[in-house]
Amino acid sequence: MAGTAGETPELIKVHSGAVEVPYDWHCGPYWSRFFRGLRDEKKIYATKCPSCGRVYIPPREVCGPCFARMDEWVEVGPEGVIEMFTVVRLPYTNPSTGEPLSVPYTDVYVRLDGADTSLMHWLDETDEKKIAVGMRVRAVFRDKRTGTMHDIEHFKLI
Amino acid sequence: MPEGKPETIFDVVDKAGMLVQKGRIKVPYTWAAGKVASKFLVGLRDERRIYGIRCPECKTVFVPPKKLCHKCMVEMSEWVELGDEGVLETFTIVHYGEPTVHPVQPPFAYGVVKLERADTGMVHLIGEADLASLEEGQRVRAVFNDIRRGHYLDIKYFKPV
Amino acid sequence: MERAAIVGVGQTRYERSKEGIVAELVYEATCRALDDAGMKIGDIDSVVTVSNDFWDGRTISCMAVADAAGCYGKDASTVECDGAFGAFYGLMRVLSGYDTTLVVAHSKVSEGNPRIITNAAFDPIYERSLGLDAISASALQARAYMKKFGVTEEQCALVSVKNHRNARNNPYAHVPLDISVEDVMKSPKLADPIKVLDASPLSDGACAVIFAVESAAAKRAKKPVWVKGVSHCTDAYRLGERDLTYSIALESAARRAYQMAGITDPWRQIDVAEVYDAFSYMELMWYEGLGFCDRGQGGRLIESGKTGMAGELPVNPSGGVLSAHSVLVAGLARIAEAVLQLRGEAGKRQVAGARTALAQGINGICAQQHCVWIVSTEQ
Amino acid sequence: MARRTAIVGIGQTYHCARRDDVNGQELINEAVTRALEDAGLTMKDIDAIVIGNMDHFEAINYVDGWSVDGSGAFMRPIMKLTTGGTSGMTVATAGYYHVASGFFDVVLAIGWEMNSSSDTTAAITTCCQPLIERDFFAGAIGPLAAEYTAYIKRFGATEEDAALVSVRDHNNALNNPHAHLRTRITVEDVMKSPVLCYPIKLLDMCPRSDGACALIYACEGKAEKLAPRPAWVHTIAGSRDFVYMGEPFQHEELITLERASARAYKRAGITDPLKEIDVMELYLPASTTGVKWMESLWVCGRGEAPRLIREGVFNMDGQLPVNPSGGPLATNPIGATAMIRVGEAALQIMGKAGDRQVPNVRTALATAFGSCSWSDVTILRDTKP
């Protein structure tokens, strides 16, 4: 297949180096309200569909199944149940820094009280034997909050 | 939480309640050059020579070289050693800076150089030049870096002869 | 070929740094297109979204808009090219059994860094390390074209003057301006010969277009606009392998689209054109590739005023891409503008009596790919 | 109405962890060349091209334009499509519509990936919404692991059930000369392999590969001339009903696959898939999904899949062979993976699957999985629709 082209003993690889691609992600009216709730009130706000009544977290403008615009806000959590979880032991590169990420950490899907969808976050427990689907958890807020998902430090088992 | 946990967002701007989160993507990449491009890049590094490749059907000499002629869709295997001189076909003088991707500070020039015996133009930097007096048709010559690593930038730039 | 029509169009305003997230932009454009077509989301059988992972800063960028584009419960797909190409895929789906297809494109170019993002279109093995981007590469093309045919910077500036003025009649446009050739010539240099006012702005926005097969269109649309021809074509990848002074890909795409539409004399048979003028010189090159004038005559054509609002073939009455450049959206917006013209609903930018319109999309560095659409009021 | 359309040519590279001897365009061309050879065509016969991959694995923007030297798109139409893991089928589907719409007679569809260009998990993590989910998402493996924990809890399935799927697919791959991983393994090997994300172990998870696949679609009238037994496309259905990872799409069943396959069966007139489908090529990114998702394909009731797996129903000699090629557990060049499913299903219809051929295949089903747990389903037959 290779033909006779380039019978070179050496195969070169080209490295990108650390190219940082910056983004200014706008939160828009919905997520701004959501993040302000975390930052200013330590509260988790969701949107409710006027048509089917589902409560969405993270909040958003459109209910997919109804294609309806949502403008009713409801508070959910801060407690909920574990819907799924996994303890991450596979080391990989943090795409935001290009540096190796330390493991283990626990990725948890929390069905907050009052919500119909779950929120993905961290759990402060990395021993799978101590975690089970259905366990109750509570959001732990940081003291210093800036208006991001990390205003919740993690969820803890209760 | 473990040390060095991932955090995409490193700054938040609050514009009257509307938030903008500043983040980034910084994934490192390594691309295989393949056999054909490797020969070209090794040629730059070890011999300070520029190799082109000729299509057996349409006879076009491509530089930088590639495995397949896009017009005939046939594999090429005939290497052509090109000189390091050619003609500046077109150019631009760049006045803005973008340190993330620009190898040099503005103002600087890019040019399309048609090397002798080649049928395609080679895009590269133009250096050691009075930018205001650059002209199409001018002869230019490749200047190689002293430290070479098998890379397109082993040619530092082309300079007016 | 079975006949298909465009039965609804919707656009957001194009602006720098729009507040909303991409889903909110898409929802706005989609709802407007549905309203325009007199449809509900349930009337849509299939959806094509258009997005790009680099511009959106997210791999699988289509995930962000599935709900807002009404994909729930539908067969949907995503094209990662300019919206004019995405629209072609939407048309294909309509002609393959879906009665209606919604195509929606979004862009929040203001969130990313266009220089780094367009640099990623260059070959990582070779030219990418030079730091080339859309502006500097286009500058190489502009100079090559202008030098070969003696096109002047002032002639390019006339495109900018015309289109920014036209934009004053377009409520969606981002940069309506009343400027002179002198203003363009005096604007700061970006990459010689391209100056700030020769370059398109970075605009956030979204555009949606709804296609329907003949039976569905006849039932629903008040003023269906029929697709008469569409074609796209691709040039070589490397700049050094292309004839930078003339687009053979555009010529080929146009020839095929004209053939489908039965157009033998584009200048006479086309009433209005919306072309992808990312930079002022491009409109002149596209005149030539589209056969509006002979090779090298683009500069003379703009000088003649024949492509102005009062001319024989007004080009970019909307203000074109120079007045609103939402990357990926812009080609779809050209189609939407063409539709508004043919329906006689283009407001102050209306070209009187337009019956056949051309819309063009481009994709890739220095418009490596072109997509040409011919739409008409006539079935 | 759609023109009848069939697959008439299939080409694949060999797949492996790292190809240093070719760059991306050259890799693509290997698959293109083989597909053309398979259909007895040359590039001149191709009217249009569609291509896809996942951008952030290689960091090449505008892949359609970049690909020209390998895809043959010079002075032809080319269009890029991408939808994550489903990309390969998204592109194949576009190839179908290019022909079915009447615009083009012979169309080349290309899926490819050079996963060796980056850290796959780092790149896939960028699929998550950066403000909401990116920092908490551990790539594709996290949700897959989590959903099987839920399934184990509800139905008493075991890790060994998943291991049986892994053994089946890995050992099937021994018959596939293109497969990346070709090593005979046992349930014990799987159980002893290191845990990646509980309960998924190394041998339960797909590898990441460098590779490409190309398919050629042709219209009725041409397809019969190009292939003695073309693989006719009967239906393609998909579900992309969700937008965030935290939505209830796969906690106990894969809702999108249920919806997509139900729609596809209805259109293809299939009422009993276990009996009416002769072979399935499924996008199973982890062995656990080869248990749970069988129920989402309506071949058995809730919680019944472990029993059928243990009985060998989906083995090569079973009632409904699944993944004769070895599936994604053996080969995973991500942007090509779903196209390989369609291609392998077509090979089975065309009777060209070599040592992995299932006898007398008349109806074959292929699936794709990706993005926000979205699913696509393609059904091929040896007869015209």
Side-chain angles (χ1 to χ4, degrees), chain B residues 8 15 18 20 23-25 27 29-34 36-38 40-41 60 62-66 69-71 89-104 106-114 118-125 131 134-137 151-153 157, chain C residues 17-20 53-54 56-59 110-120 122-133 135-148 188-196 199 234-245 365:
Chain B
T8 300
K15 294 179 183 169
M18 295 298 286
V20 177
R24 65 207 147 188
I25 295 179
V27 178
Y29 293 90
T30 300
W31 296 282
V36 174
S38 289
F40 170 79
L41 296 171
T60 303
F62 291 93
V63 66
K66 55 190 189 179
C69 170
H70 63 270
K71 292 178 280 190
E89 289 207 310
T90 187
F91 63 93
T92 179
I93 299 157
V94 178
H95 295 273
Y96 56 88
E98 187 55 68
T100 307
V101 293
H102 284 171
V104 288
F108 65 91
Y110 291 120
V112 179
V113 176
K114 181 77 72 74
D119 294 308
T120 67
M122 191 166 167
V123 184
H124 219 292
L125 297 159
L131 297 181
L134 280 177
E135 268 190 78
E136 293 91 345
H151 193 275
Y152 199 70
L153 285 176
Y157 44 68
Chain C
S17 295
K18 280 178 99 73
E19 268 179 358
D53 293 0
F54 286 83
D56 281 3
R58 175 178 189 185
T59 200
S110 63
E111 294 189 349
N113 178 320
R115 292 163 187 169
I116 303 174
I117 289 168
T118 56
N119 175 251
F122 289 89
D123 189 347
I125 312 294
Y126 292 144
E127 294 94 341
R128 188 182 297 186
S129 58
L130 300 172
L132 284 158
D133 62 15
I135 298 173
S136 50
S138 297
L140 289 170
Q141 182 176 42
R143 182 183 288 276
Y145 164 67
M146 292 160 67
K147 176 79 181 175
K148 174 156 181 179
K189 287 178 180 175
L190 290 172
D192 213 38
I194 293 176
K195 298 167 290 297
V196 167
T234 315
D235 205 340
Y237 175 51
R238 294 216 157 76
L239 298 183
E241 295 171 354
R242 294 191 218 166
D243 178 356
L244 288 175
T245 69
I365 294 297

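Letters go in sequence order (proteins before strands), and every chain restarts at 1.
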Student: Answer yes or no: is there a side-chain heavy-atom contact under 4.5 Å between C:Ile125 and B:Tyr152?
Tutor: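 Heavy-atom side-chain distance check fails, nothing below 4.5 Å.
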Student: Could you state the interatomic distance from OG1 (B:Thr100) to CD1 (C:Ile116), rounded to the nearest 0.5 Å?
Tutor: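 B:Thr100 OG1 to C:Ile116 CD1: 3.5 Å, rounded to 0.5 Å.
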Student: Output the distance between atom CZ (B:Phe108) and atom OG (C:Ser136), rounded to the nearest 0.5 Å.
Tutor: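 Those atoms lie 6.5 Å apart.
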Student: For B:Tyr29, is it the side chain, the backbone, both, or neither that has a heavy atom closer than 4.5 Å to a heavy atom of chain C?
Tutor: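 For B:Tyr29, neither part sits under 4.5 Å from chain C.
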Student: For the pair C:Tyr126 (side chain) and B:His151 (backbone), establish whether a donor and an acceptor sit closer than 3.5 Å, ignoring hydrogens and angles.
Tutor: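 Checking the backbone N and O of B:His151 against the side chain of C:Tyr126, no donor-acceptor pair under 3.5 Å is found.
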Student: So how far is it from C:Leu190 CG to B:Ile93 CD1, rounded to the nearest 0.5 Å?
Tutor: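 C:Leu190 CG to B:Ile93 CD1: 13.0 Å, rounded to 0.5 Å.
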Student: Please report the C-alpha distance between C:Leu130 and B:Tyr157 in whole Å, then the side-chain angles of each, then the deciding distance to 0.1 Å, and finally whether the side-chain contact (heavy atoms from CB on, under 4.5 Å) criterion is met.
Tutor: CA-CA 10 Å; C:Leu130 300 172; B:Tyr157 44 68; over 6 Å; no
Student: At what distance, to the nearest 0.5 angstrom, does NE2 of B:His102 lie from CG of C:Leu132?
Tutor: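 The CG atom of C:Leu132 is 7.5 Å from NE2 of B:His102, to the nearest 0.5 Å.
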Student: Would you call C:Arg143 and B:Phe91 a side-chain contact if the rule is heavy atoms closer than 4.5 Å?
Tutor: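 SC-SC contact between C:Arg143 and B:Phe91 confirmed.
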Student: Chain B: which of C:Leu244, C:Asp123, C:Ile135 shares the most heavy-atom pairs with it under 4.5 Å?
Tutor: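 Top count of heavy-atom pairs under 4.5 Å with chain B: C:Ile135.
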Student: Using non-hydrogen atoms and a 4.5 Å limit, figure out which bit of B:Pro99 sits close to chain C: side chain, backbone, both or neither.
Tutor: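 When you check distances to chain C, no heavy atom of B:Pro99 falls under 4.5 Å.
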Student: Would you say B:Thr92's side chain and C:Asp192's backbone share a donor-acceptor pair under 3.5 angstrom?
Tutor: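 Side chain of B:Thr92 to backbone of C:Asp192, a donor-acceptor pair under 3.5 Å: yes, one is there.
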Student: Under a 4.5 Å cutoff for heavy-atom pairs, which residue among C:Ala144, C:Pro124, C:Gly57, C:Ala139 has the most contacts with chain B?
Tutor: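 The answer is C:Pro124.
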Student: Where does C:Arg242 contact chain B at under 4.5 Å (heavy atoms): side chain, backbone, both or neither?
Tutor: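 Neither part.
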Student: Go through the atoms of B:Leu131 and report whether side chain, backbone, both or neither lie under 4.5 Å from a heavy atom of chain C.
Tutor: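 Neither part.
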Student: I'd like to know if C:Glu241 and B:Lys66 make a salt bridge, using a cut-off of under 4.0 Å between side-chain N and carboxylate O.
Tutor: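 Salt bridge: yes.
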Student: Please identify, among B:Pro64, B:Pro103, B:Gly121, the residue contributing the most non-hydrogen atom pairs under 4.5 Å to chain C.
Tutor: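 Option with the greatest count: B:Pro64.
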Student: Go through B:Thr90, B:Thr60, B:Val63, B:Val20 and name the one with the most non-hydrogen pairs under 4.5 angstrom from chain C.
Tutor: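 The candidate making the most pairs under 4.5 Å is B:Thr90.
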Student: Any donor-acceptor pair under 3.5 Å linking the side chain of C:Arg115 with the backbone of B:Glu98?
Tutor: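 Looks like no, no N/O pair under 3.5 Å.
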Student: With chain C, which of B:Val113, B:Asp119, B:Thr120 has the greatest number of heavy-atom pairs at distances under 4.5 Å?
Tutor: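 The residue among B:Val113, B:Asp119, B:Thr120 with the greatest pair count is B:Thr120.
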Student: Examine whether an atom of C:Lys189 lies under 4.5 Å from a heavy atom of chain B, and if so say whether it belongs to the side chain, the backbone or both; otherwise answer neither.
Tutor: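 When you check distances to chain B, atoms from both the backbone and side chain of C:Lys189 fall under 4.5 Å.
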Student: Could you check whether any side-chain heavy atom of B:Tyr96 comes within less than 4.5 Å of a side-chain heavy atom of C:Asp133, counting everything from C-beta outward?
Tutor: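 Heavy-atom side-chain distance check passes, below 4.5 Å.
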Student: Looking at B:Lys15, B:His124, B:Met122, B:Glu89, which makes the most heavy-atom pairs under 4.5 Å with chain C?
Tutor: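 Looking at each option in turn, the highest pair count goes to B:His124.
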Student: Counting only non-hydrogen atoms closer than 4.5 Å, does B:Ala109 touch chain C with its backbone (N, CA, C, O), its side chain (CB onward), both, or neither?
Tutor: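 B:Ala109 has no heavy atom closer than 4.5 Å to chain C.
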